[in-house]
Structures are given as C-alpha cells and as structure tokens.
Amino acid sequence: MMNYKKLALTVAAGAMATTMMAQSAPKLNANNIYEVIKAMTLEEKAQMLVGGGNDGFVGSGAMLGHQKKFVPGAAGITVAIPRLGIPTTVQCDGPAGVHIDAHREGDNRSYFATGFPIGTCLASTWNTDLVRKVGEAIGNETLEYGCDVVLGPGMNLHRNPLCGRNFEYYSEDPIVTGLIGTAFVQGVQSQGVGVSAKHFAVNSQETDRTKVDERLSQRALRELYLKGFEMMVRKSNPWTIMSAYNKINGVYAQGNKELLTDILRNDWGYKGIVETDWIGKRADLPLEQEVEAGNDLMMPGYPAQVQDIVDAVKNGKLDIKDVDRNVRRMLEYIVKTPRFKGYKYSGEPDLKAHAAITRQSSTEGMVLLKNDAALPIQGLKTVALFGVNSYDFMSGGLGSGAVNVGYSVDMVTGLKNIGVATTPQLTEIYQNYVKYAKAKLKADKNPMMWFLDQGQPKLDEIEITERCVASEEPKADAAIITIGRQAGEGMDRQINGEFNLSQIEQDMIFRVSDAFHAKGKKVIVIINSGSVMETASWRDRVDAILVAWQPGIEGGNSVADILTGKVNPSGKLTMTWPIAATDHPSTANFAKDYDMYTYKNLLDWSKGNIKGYDYSNHEEDIYVGYRYFDTFKKNVAYPFGYGLSYTTFEFGKPSVKAKGNNIEVSVTIKNTGKVAGKEVAEVYVTAPKSAYEKPAKELKTFGKTKLLNPGESQTLKMTLEKRDLASFDEANSQWKVDAGNYLFKVGSDVENIKGTATLKVTEYTEKTSNACAPKVQLNYLRKK
C-alpha cells in the first residue's frame, strides 16, 4: 500500500529544493557567464546547445521556417532557462529581407516585410556604402519584428552558373564576396541584431546538398571558397556563422573541427557562435563530433539531440570542457540580443522608407549589357509588352530566402508610372493567362515541392504567334520583352530551358524583332533572373538588354527609372556570362539531372558513388569564373565586371603606394559624356612568376565614384592589405606573397584595362593550420 504521507513529504521537499535552487541561482548578465555555467545542470547545458524546434522542441515545422511561438514564421529559436535568467532568442530567415509570416491568427494587422534586391543584384552595385544601408534597413526590420538574428548573408561562391542558389550569393570572386558581405553585416549589426553568415563552406550546389562531398585542393579552398568568409569575419565580427550541410573532402562541415576550430577560430580569430543549417540528427555523424568540432548550436533542434549530448558526456564520449566552451559562446551571444536586453519591438518598421532604399539599390545593381541607341527611351507613348514575366515580375528567388511582401511592382505598373501605356489586347492576353496559370499551379502543386510556397514560382511562357505580333506592332512605338528565370533552394538549374532559351522564348524574340525592326522600331529585352543565362544566340536580334535581376518589391519602378534615364545604369557583372554553360570547366563535374529510377547503373546509386551527385570534384581548382576565361583566353558573352552606361568616362593614370602593411591604389575618373553617372574602378593584380602557377590577373579591390556630372572628376583611393596579394602555399601551410614586381591594372572590367602601375613588394608569409586536405587524387586543371 502506498504511503501517501511519505510521498507528500518527498514532493514537498523536492519543491522546496527546487525553489531554493532557483532563488540561489545567478541571473545571467554579461559579467557572470562563468558563474552561470557553473550553476547549470548537465541537462541545461545540453539544452543550450540545441535549438527550440517548433512550438517547443518539435523540429519538423521549423525545418521549413514555420516557427509559431514568439514570431510566427521565424526560422527557429534557442531554449530559455528562466531560473538562470536566460531568455529565448529568435532567428528569422533572410538574406533578401526578413522572412516571417505576414498574417497571424487572431491578429488583424499585417506583418509584411520589405523584399530587397537579391544578392547578385546587391553585389552588382559595387557600392559598399549602399549595401551597408540595405543591411541597416534589414537589421531594423529584424529588430522591430522581434527577431534577434537574420540568417544571412549568403557568402558562397558562384562556382558554376547552374547552381540553384546563386541568386542569394554575391559573386564568382572572393574579394567582391568579402567586401560586399562585410558591408551587409556591418549594416545589419549596427541595429543591435545579429547575422548568421552562410553556408560555411563550399555549398556550391543544391543537388544532394545535405551530403554531397565537395572535393577540392587546400589552395582553392583557402583562396576562393573561404576568402570571402575570412574577410567578412576579420572586418565585421558576425554574431553567428552557419555551417553547411555538405561534406568538404569527406567530412561534414558541421562536424569538421579543422574547418570550424583550426581555420575559423585559430587562424581567423572568430569569437561568435557556429550553428548548423536546419537539419536533424545525422545517422553518419555523431552529435559529440559536432560539439567537439565547435558547432555550438544544433538547429532547428530535436529532443533526442539533448539526450545524445547528456549521454555522450556520461559515457565519456564527449568532454564536458567542450560542452562548457560551447555553452559559454552561446551565453556570450545571448547577452548581446535585443530579447535579453528587453527591447520592446514595435512590429511596425518604416516600410515606406525601406522601399525607397530598395528602389535605389536595385537600380544601381541593374546591368546594361547592350544598347544600340535604344535607351534611354525618348518620346515613347505606347509599348508592346511581351513575356509572361512582364506581368508577373519576380522580385526574389524561391525557398527560405523568399520574403512575404505586401506588394511587388510589375512592368505594366512601372511603365504606367512613367506615362508609358501598354497595348491593350496583348496586356489582356497575358494578364488573363497569369491568373489562370497561378490558379493551375496551386491546384497541381506537388506537396514535395515545398519551396513553391516560399516565393514566386516561374510561370510557363506562352507562344506568341507571328499574327499576334503583326497585330501589335502598329499600335506600339517599341517592344519590350521580359525573359524570366527562377531558381531556389533544393534544386539546381538545367542547361536546356533554364540557362538556354526555350524554343518558345527564342521564337518570341525572333518574331518580335523581325516585325518591329521592319518598321524601324526598337526592341528591348529585360532579364528578370537572379542568375546568368545564355545570350549569345539571340543578342544580335535586339537593340538593348538590361539585366534587372530579381530586384525586390520596387522592381517595375526600378526598371522604369533605368529605361527613362532617371537613373543612369552603373551596375557591373560580378560573374562571367559565358557563351555556353559548358564553357565553365566546373560544368563537367557539376550536378546532373539524375533520376535514380531510370539511372542505368543502379549499383552506383546503392554505393553512393554518383559523380556530380554524391561527390563533386573541383578539378578546375583555382580557375573559377574569370580566373579561367581570362587566363586561358576563352571568349565569353560578357566579361566579369562588365556594364554599360549612358555616359562615358576617362580614367587617369593609376598610382600605387605601399603604406606599411597596406597598399593604396589611386585613380582619377572623369565623366566625359553628356549626362551624370557613376563608374567603378576595378583593381586587378598580375603577380610575378613563382614556384606555383597563378591566374593571369585577380581582382584585389575596387571603388565606385559618386554621381559625377558631365566634366566632373573624382580621385578614388582604394586600400588593400599586403596579405591580400598572397597565394596559399600548400606545401608549407602558409599564405605567401612572393617578392617581386606586382603589376596593378585598373579597369572598367576584367578585359578593359585603362591603366597600369607597378609596385615592388618584399616577401611576406603567414603560417596557418594544415587543414581540410583532400582524401582522393584530383586531376587539377593546369596551364599548358
């Protein structure tokens, strides 16, 4: 028979002990972190290292960014421990804006966020001050919507134009990535919230992204894939860094101690936290390996992961010192957050002001590829507007980085706002089709295609017959064609129909061009895409090509600003536009459109041995993007750094001076045209010959002028560190600047060098850890 009196005494004693423990426990502040750690139980320590999942420790919803508590739609939370004064912190997806739910149950208010230009558009401004302003606006919305961290920026390299997530990333060049990323982080964190720079590292494809093995040399890893991260870490101190899903040379990034501790912390001096990308337990990666490696926070968080940490400590597989170290980092992060500081967020950021920032940054990022006296438009009253995406203009990409926006300006609206009408019949055809196509897409939606609910899917193009074009031509002063491309999280692009034009698109361009050119009328193409596409086969058929990217919610207005000349285009490509996708040497080893049910060699599937799927060999090595095309003298459609203007510029003779450990490059740029405009000075360096081969030239820094009036000049002074000239010496695990004469080449793009200057440099070395060496033999591309 149960002794209820004894049970009651036991319960009372336990309650009293708990109360006393709570009363005597220290409350977290910035100065007592070690004391708090000492007061924590093992279970509490484990909880600090595992995210809060969805609605209190269930991770399935949070995997898709459906956190319900605190801020609905946020990506995830950390766990609160009230007795120690430790609050929950909230993280929302990014990086093109705050990704949260726009509507909340029982709340009549809306919580739309600003859709800012995607990463490729931002980087194409080559304007770090402007990018910093965008970061400030995103940071403000993060703060006022009750979040502590925004998951961004995306810092991965454009290894290949087919990567589905290139739109979130900045460039094929690590210097552009590092400087633009630094400005973004500085802007966001100036608002008292943090970033989670991602995806660390070598997240170069979406196909099989959670386990693909990216195999590459230590030199390519250091010089290309980590360089941008390194610059950003050293210059902006991000609060968090997100470890990638993929493997690097056979080891998962999130369990890679050489990556997360030896390189990130020991070599670079990183002090913030590392958190995983949103994934659960891995069958082939023990949780204790992640903790030991330096992964401080497992997101989105599962109860079993807490128990795994507790068990690993108790059975001796995990040292409590590693747990305590990671907990300390977590607490150092938490005391910086708005929630810890008790910030009373408004839920009402200044969206109108942020829309103006979006419009400015998107126009400055747009790149004019071609202009045969077609732009800026003059005297146009009516245009024939072709292409589905003229009427369903895409402001951003798909997936977790999409933003729930209150509006998005299409081309019809943008043109109307500048007094240009569209031909009624063609407009009616397209607008009715868009309504039908969206309804059909919703009805036919595959539940596995979750990302279609995150953003604006691309609608199929429709055929425009010669008869239709012929009937529209007399009603219009010119034709505008919008070619759209969409991409996103979870899948890569294909060459046919995505990189290349579809047959319907090609027929549309050719039919419109033939009819309008026969009457002496101009044809303008707007590219509404976050990524590179093929142009060489059709560009001669049109008069102007403007890359508008996916420019955020003011897209139609931003395009109109460029078309009318209200804004003079000053964007420059941050990636090479090749003639064909296969011109990139990486394409041979890039992801293919595999179907495991029809793949001939099913044995390879069972072994996990599919090239481009289970593994990707980076045999192009250091020759990514322009480093390949420039060095090997391969023709391209448009070179890295290219972009036209409505005015002309003259570059003076550059000068280069050593100033201690820094090098200063100066050049005077004069506007020699008839309208105001901005110009970019791109500084490339050709290194002296050494024991290992180097690209023909590499970008080392850049600068952008203010808006120069006709006849006005500005001297740009651009600074880089001596160590920025270094190559990675694998044999000795060091950065090395070889002694000799370095040729500094200042140009408007990688092929158009305006002037040179020489600087004699002494040798410089910097020892690093010997980390992340390849485990298989790779056949690296080399000059003949």
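- By the 30° and 60° cut-offs, the orientation of the rings of H354 relative to F116 is tilted.
- Contact annotation: the side chain of R165 never approaches that of N156 to less than 4.5 Å [non-hydrogen atoms, C-beta and beyond].
- In this structure, the side chain of S395 does not engage the main chain of S408 through any donor-acceptor pair within 3.5 Å.
- Taking the side chain as every heavy atom from C-beta outward, Y613 and V212 never approach each other to under 4.5 Å.
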task: Evaluate side chain to side chain donor-acceptor pair (under 3.5 Å) for S502 paired with E461, printing each intermediate quantity in order.
output: CA-CA 9 Å; S502 67; E461 194 56 74; over 6 Å; no
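- Ion pairing between K133 and E136 fails under the 4.0 Å rule for side-chain N and carboxylate O.
- No side-chain donor-acceptor contact under 3.5 Å links T482 and N389.
- No hydrogens or angles considered: nothing links the side chains of D148 and Q91 as a donor-acceptor pair under 3.5 Å.
- Side-chain contact between Y391 and V412 is present, with at least one heavy-atom pair separated by less than 4.5 Å.
- Between H103 and F112, the ring centre distance stays below 6.0 Å.
- Comment: E472 does not engage R511 in a salt bridge, judged by the lack of any side-chain N to carboxylate O separation of less than 4.0 angstrom.
- Ion pairing between a basic and an acidic side chain is recognised when a charged N comes within 4.0 Å of a carboxylate O; D543 and K370 show no such pairing.
- When only modelled atom types and interatomic distance are considered, Q486 and Q550 share a side-chain donor-acceptor pair under 3.5 Å.
- Under 3.5 Å, the side chains of E554 and T358 contain no donor-acceptor pair of N or O atoms.
- Salt bridge annotation for K522-D372: absent, with no cationic side-chain nitrogen under 4.0 angstrom from a carboxylate oxygen.
- For the pair E473 and K519, the salt-bridge criterion is not met [side-chain N within less than 4.0 Å of a carboxylate O].
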